[in-house]
Amino acid sequence: MATVAEQWVLVEMVQALYEAPAYHLILEGILILWIIRLLFSKTYKLQERSDLTVKEKEELIEEWQPEPLVPPVSKDHPALNYNIVSGPPSHNIVVNGKECINFASFNFLGLLDNPRLKAAALASLKKCGVGTCGPRGFYGTFDVHLDLEDRLAKFMKTEEAIIYSYGFATIASAIPAYSKRGDIVFVDKAACFAIQKGLQASRSDIKLFNHNDMDDLQRLLKEQEIEDQKNPRKARVTRRFIVVEGLYMNTGTICPLPELVKLKYRYKARIFLEESLSFGVLGEHGRGVTEHFGIDIDDIDLISANMENSLASIGGFCCGRSFVIDHQRLSGQGYCFSASLPPLLAAAAIEALNIMEENPGIFAVLKEKCKRIHKALQGISGLKVVGESISPAFHLQLEESTGCRERDVKLLQEIVTQCMDRGIALTLARYLEKEEKYLPPPSIVQDLQNKIKWWQW
Amino acid sequence: MGGGDADSASPIGRAQMGRGRCFLETAGVEASAAPQAGRASEAGRMNVGVAHSEVNPNTRVMNSRGIWLAYIILVGLLHVVLLSIPFFSIPVVWTLTNVIHNLAMYVFLHTVKGTPFETPDQGKARLLTHWEQMDYGLQFTSSRKFLSISPIVLYLLASFYTKYDAAHFLINTASLLSVLLPKLPQFHGVRLFGINKY
């Protein structure tokens, strides 16, 4: 090492250049050539090569036939023959001018035409107007929103809650906020369409297990555990989620939550529980499937529900621990980029919560009525009731399918029309058939083939 | 359902599949023909606090206005700070500048992966280093050339000021190689011995 006293003289430096070792100068020459090469190289993309020759490209372009802008559709497509409802749907509904008993609306607690809700909504309408005209982050947060979030968190006994303005968007925004590429989600095959869209948006690896089959789920979790042991570094950065519904929309059954919680702690996955149909229905005070099974709410990482069923409002909410829910305030796409819930609907939801808290007896009444209806419908020849006896939403399926889905649909539509003539409003279960086929086992979709839904009041 | 796109079976879909798919998907950025693409009007814009459609802003950081100058000034500052330490001689200072610069470059460009913020593409770049993310994987863009040339220039200067001493040569050359090799297009996405893979 040179001493401090050594002078730095340019002449000495240049002299050192002349006396430099050959290998060093050769390396420097190569580096200068490298610089020149870099300066003159072209930018290119790494996967630029196309394996098709120009001729092949021309051929492919010739072959291509554009799909028609309006595909041919049969005359009796349900979307072309809709029923027109006049007046507010409540216990009775006026369909095509005829008054029927309403078995088609999701009005579990009968709050759709409750005068208290209407009064609260009207008061809010007079105070705040109709819409909020802004997302939550852009002057769209009103005091009613914060109140409703507070009330929902207190009701569900969680730390925090967050409100979405559209029920479908709630779970479809919540899932991709936490689960990203490279994460693994174990989801039930009978998950509703909103969950499917959320999973699709999340770009995660989806592993489907048979409906309510905990052995199948355990098998999948075990397989994943073996994979993780082979590659522990990858496992350390992979998040695992289990997405289930409290009360399944497609089958009317309740998920086995105690086993799920056990599996969660054993295999280190997080549970996202979608409680759209079980909120305000199950449990002693209507808190959903966690109260129904007596499970500590902190065991569930995220509860998501929509307020369009029991609460007779619009929108949805998620509730859970603070640090979980807080993340959605910036990452929940439906929260940040949609206008917030109209204040009159939030006020109506608060009033509905008030009613639920004041009369905890209505849930027992609801369960009783469900059991009665289930029993009453058991004996119908040719139709079977699919769903739990305490589920207000269940399906009637044909006992024997005619073999073709379209014919089954026609038959059930006939039944629905006949019932409507006799003053009972029913509806077929509607699916986006092409979209739902993304679910790997098409057999499940066929099993839930063409039901009539009777939504219990 | 999975991380990939759903390709239709149409002829155009088949043509797209012919392009091959490596596990690092890059966005469709037009390859420019000119060797020095020059500072296009987009390149200098810093999209801070404005609405922009850039899916991964990390890719455009090294193209922002003034960042090359800031980089040069930072290296100069490092050199001046090292020069002000009284017991380092000139050759030692230059070698230290070279080594510290290359170490910092290696850590920030070739070790740290992903983005410090959440991106709308659900984490497409979570396994990519900043170098691999630059310009969405487009090779030999101006920023990449600048960042490849700057350690070489520093090395040439360091060689001159160390009077081509053998010990300094070894240290500087090793440091330079450690920072030049990851920049080759052949090393895009390569993780040797599985280090830093996840």
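Keep in mind it's a predicted model, so treat the numbers as computed, not measured. Letters A, B, ... are given to chains in the order of the sequence lines, protein chains preceding strands, and every chain is numbered from 1.
- Among A/Ala20, A/Ala177, A/Pro21, A/Ser331, the residue making the largest number of heavy-atom pairs under 4.5 Å with chain B is A/Ala20.
- A donor-acceptor contact shorter than 3.5 Å links the side chain of A/Arg181 to the backbone of B/Asp121.
- With a threshold of 4.5 angstrom between heavy atoms, A/Ser179 approaches chain B through N, CA, C or O but not through any side-chain atom.
- Atom-to-atom distance recorded for A/Leu38:CG and B/Lys183:NZ is 10.5 Å, nearest 0.5 angstrom.
- Against chain A, no residue from residues 96-115 of chain B qualifies, as none has a non-hydrogen atom under 4.5 angstrom away.
- The line from CD1 of B/Ile149 to CH2 of A/Trp34 is 11.0 Å long, rounded to the nearest 0.5 Å.
- Between chain A and the options B/Phe169, B/Tyr155, B/Phe146, the largest number of non-hydrogen pairs under 4.5 Å is found for B/Phe169.
- A 6.0 Å sphere centred on CD of A/Glu19 holds more than 12 heavy atoms belonging to other residues, nucleotides or ligands.
- For the set A/Asp183, A/Leu31, A/Val185, A/Val237, the count of heavy-atom pairs under 4.5 angstrom toward chain B peaks at A/Leu31.
- Interface residue A/Leu27: only side-chain heavy atoms are found under 4.5 Å from chain B.
- Counting heavy atoms of neighbouring residues, nucleotides and ligands inside a 6.0 Å radius, atom CZ of B/Phe117 exceeds 12 of them.
- Around atom CD of A/Glu67, no more than 12 heavy atoms belonging to other residues, nucleotides or ligands sit under 6.0 Å away.
- The minimum heavy-atom distance linking B/Tyr198 with A/Arg233 is given by the pair CB-O, 3.9 Å.
- Neither the backbone nor the side chain of B/Thr162 comes within contact range of chain A, judged by heavy atoms closer than 4.5 Å.
- In this structure, the separation between OG1 on A/Thr43 and CG on B/Leu138 is 5.5 Å, given to the nearest 0.5 Å.
- The CD atom of B/Glu118 lies 3.5 Å from the NZ atom of A/Lys180; values are rounded to the nearest 0.5 Å.
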Test salt bridge (Lys or Arg N to Asp or Glu O under 4.0 Å) applied to A/Glu12 and B/Lys163, step by step: CA-CA 9 Å; A/Glu12 279 185 23; B/Lys163 296 190 183 157; 3.5 Å; yes
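- Only the side chain of A/Asn231 comes within less than 4.5 Å of a heavy atom of chain B; its backbone N, CA, C and O stay farther away.
- Remark: the backbone N or O of A/Tyr44 is not paired with any side-chain donor or acceptor of B/Gln139 at under 3.5 angstrom.
- Of all heavy-atom pairs between B/Tyr161 and A/Met13, the closest is O-CE, 3.9 Å.
- B/Ser159 and A/Glu28 form a side-chain donor-acceptor contact under 3.5 Å, judged by distance and modelled atom types alone.
- Neither the backbone nor the side chain of B/Ala167 comes within contact range of chain A; no heavy atoms are under 4.5 Å apart.
- Heavy atoms of other residues, nucleotides or ligands lying less than 6.0 angstrom from CZ of B/Arg126 number more than 12.
- Atom CD1 of A/Ile32 sits about 9.5 Å away from atom CD1 of B/Ile152, to the nearest 0.5 Å.
- Ranked by non-hydrogen atom pairs under 4.5 Å with chain B, the options A/Leu330, A/Thr238, A/Leu17 are led by A/Leu17.
- Annotation: A/Tyr139, atom OH; neighbour count of heavy atoms from other residues, nucleotides and ligands within 6.0 Å does not exceed 12.
- The two residues A/Leu25 and B/Tyr164 have their closest heavy-atom pair at CD2-CE2, 4.4 Å.
- Under the salt bridge (charged side-chain N to carboxylate O under 4.0 Å, His left out) criterion, A/Arg240 pairs with A/Asp228, sequence neighbours left out.
- In terms of modelled atom types and a separation under 3.5 Å, the side chain of B/Lys145 and the main chain of A/Ser41 share a donor-acceptor contact.
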